[in-house]
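Contents: one structure, followed by commentary.
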Amino acid sequence: MSKLDVILIPDRRLRQVCEPVTKVDGAVRRTLDDMLETMYAAPGIGLAAPQVGVMKRMLVIDITREGEPKQPYFFINPKVVWASEEVSTYQEGCLSIPEYYEDVERPARVRVEYVDHDGSEQEIVAEGLLSTCLQHEIDHLNGVLFIDYISRLKRERVMKKFIKRAKSVA
Ligand code: GNR
Ligand code: NI
């Protein structure tokens with residue numbers, strides 16, 4: 001396994017719509033394993049392929065805490081087929097927008113169809129942090145970031161800061 005570089009805003013790849021995975025082969029599984037290692041090292045509770053520059057519809061999640069047994073989830077071509085009317089609010093962060101956190105309201109529960117690490121069709125009803133994280137990651141596959149749900153003033157402020165930072169690094 002190898003650790004990958006996580007790309008940050010304003011990288012345009014974070015705004016693109018990813019392509020479906022057509023075949024769960026060794027290359028796909030290797031990328032998912034590398035993404036998992038990258039996520040654990042960050043550390044983060046989720047990571048979507050475009051965050052490591054892979055423009056494919058796949059993501060990894062592990063919401064267990066440090067010290068607990070690891071419980072990784074792999075989602076390939078995930079699709080939200082139902083969302084609850086009820087909403088819940090979490091303070092979200094994103095590895096592509098480091099050290100920035102804001103409350104985001106999303107459906108409390110979602111039903112998601114997806115393909116697993118071994119190529120089998122799966123379905124999950126997620127709630128709580130798993131639901132929030134899954135929705136955050138699926139948004140990444142569609143070029144959507146959590147800052148799209150906050151006020152325009154706050155979003156423009158954080159974008160400006162990262163544009164400035166990117167210029168000073170380049
Ligand atoms: O590590 C992460 N934590 C987090 C906290 C609240 C809601 C969503 C997340 S996902 C984030 C990692 C990340 O950027 N995934 O795309
Ligand atoms: Ni993110």
Side-chain angles (χ1 to χ4, degrees), residues 4 6-11 13-18 20-21 31-32 35-52 54-117 121-159 161-162:
L4 308 170
V6 176
I7 62 183
L8 309 183
I9 58 167
D11 193 306
R13 288 171 288 180
L14 293 169
R15 289 311 196 174
Q16 289 169 8
V17 177
C18 294
V21 175
T31 303
L32 286 167
M35 285 169 57
L36 196 67
E37 182 181 346
T38 306
M39 182 192 77
Y40 285 141
I45 59 170
L47 187 71
Q51 294 183 276
V52 293
V54 175
M55 307 314 290
K56 296 280 175 200
R57 304 189 76 80
M58 54 190 194
L59 59 96
V60 297
I61 291 181
D62 190 337
I63 58 160
T64 56
R65 294 172 209 231
E66 207 185 310
E68 292 177 355
K70 289 187 181 356
Q71 200 179 107
Y73 281 97
F74 301 91
F75 294 88
I76 298 166
N77 299 337
K79 187 172 176 227
V80 177
V81 294
W82 172 82
S84 64
E85 298 279 340
E86 192 193 330
V87 294
S88 68
T89 302
Y90 269 93
Q91 190 178 59
E92 298 198 15
C94 183
L95 295 174
S96 297
I97 316 170
E99 285 156 51
Y100 186 75
Y101 307 92
E102 279 293 341
D103 280 357
V104 175
E105 187 182 279
R106 298 182 186 270
R109 284 176 300 282
V110 286
R111 180 186 292 269
V112 173
E113 290 177 357
Y114 66 101
V115 171
D116 205 349
H117 195 261
E121 301 262 357
Q122 302 279 355
E123 189 179 271
I124 189 174
V125 178
E127 60 178 7
L129 184 57
L130 180 60
S131 171
T132 291
C133 186
L134 194 43
Q135 292 175 67
H136 173 118
E137 304 311 338
I138 293 173
D139 272 351
H140 273 300
L141 308 182
N142 295 318
V144 175
L145 301 171
F146 84 91
I147 53 172
D148 298 342
Y149 302 110
I150 68 179
S151 77
R152 182 170 162 183
L153 179 68
K154 285 180 177 171
R155 181 171 57 255
E156 285 177 353
R157 204 186 281 148
V158 67
M159 283 303 303
K161 185 169 137 181
F162 279 88

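Start at 1 with the first residue, then count along the sequence.
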Sequence neighbours excluded - salt bridge (Lys or Arg N to Asp or Glu O under 4.0 Å) pairs with any residue from residues 63-72: none
Rounded to the nearest 0.5 Å, what's the gap from [atom1] on [X] to [atom2] on [Y]? Could you check?
| X | Y | atom1 | atom2 | result |
| --- | --- | --- | --- | --- |
| Glu123 | Trp82 | CD | CH2 | 11.5 Å |
| Ile138 | Cys18 | CD1 | SG | 12.0 Å |
| Leu130 | Tyr73 | CG | OH | 5.5 Å |
| Phe146 | Asp139 | CZ | CG | 11.5 Å |
| Tyr114 | Ile76 | OH | CD1 | 10.0 Å |
| Arg111 | Leu134 | CZ | CG | 13.0 Å |

Within the structure provided, determine whether [X] and [Y] are in side-chain contact (heavy-atom separation under 4.5 Å).
| X | Y | result |
| --- | --- | --- |
| His117 | Met58 | no |
| Glu127 | Ser88 | no |
| Arg106 | Tyr149 | yes |
| Tyr40 | Pro72 | yes |
| Arg109 | Glu86 | yes |
| Gln51 | Leu4 | no |

For the student: nearest non-hydrogen atoms of [X] and [Y], plus distance:
| X | Y | value |
| --- | --- | --- |
| Val6 | Leu95 | CG1-O, 3.8 Å |
| Val158 | Ile147 | CG1-CG2, 4.0 Å |
| Gln135 | Pro107 | NE2-O, 2.9 Å |
| Leu14 | Ile9 | CD1-N, 3.6 Å |
| Ser96 | Ile7 | OG-O, 2.8 Å |
| Arg155 | Ile150 | NH1-O, 3.2 Å |

For [Y], does its backbone N or O pair with a side-chain atom of [X] as donor and acceptor, under 3.5 Å?
| X | Y | value |
| --- | --- | --- |
| Asn77 | Pro20 | no |
| Asp11 | Leu8 | no |
| Thr89 | Asp103 | no |
| Arg15 | Gly143 | yes |

Step-by-step side chain to side chain contact (heavy atoms under 4.5 Å, CB included) determination, Gln122 to Phe74: CA-CA 11 Å; Gln122 302 279 355; Phe74 301 91; over 6 Å; no
Distance-only side-chain donor-acceptor flag, Thr64 / Gln71, under 3.5 Å: no
Geometric class of the His136/His140 ring pair [parallel <30°, tilted 30-60°, perpendicular >60°]: perpendicular
Side chain to side chain contact (heavy atoms under 4.5 Å, CB included) evaluation trace for Arg57 with Asn142: CA-CA 9 Å; Arg57 304 189 76 80; Asn142 295 318; 2.8 Å; yes
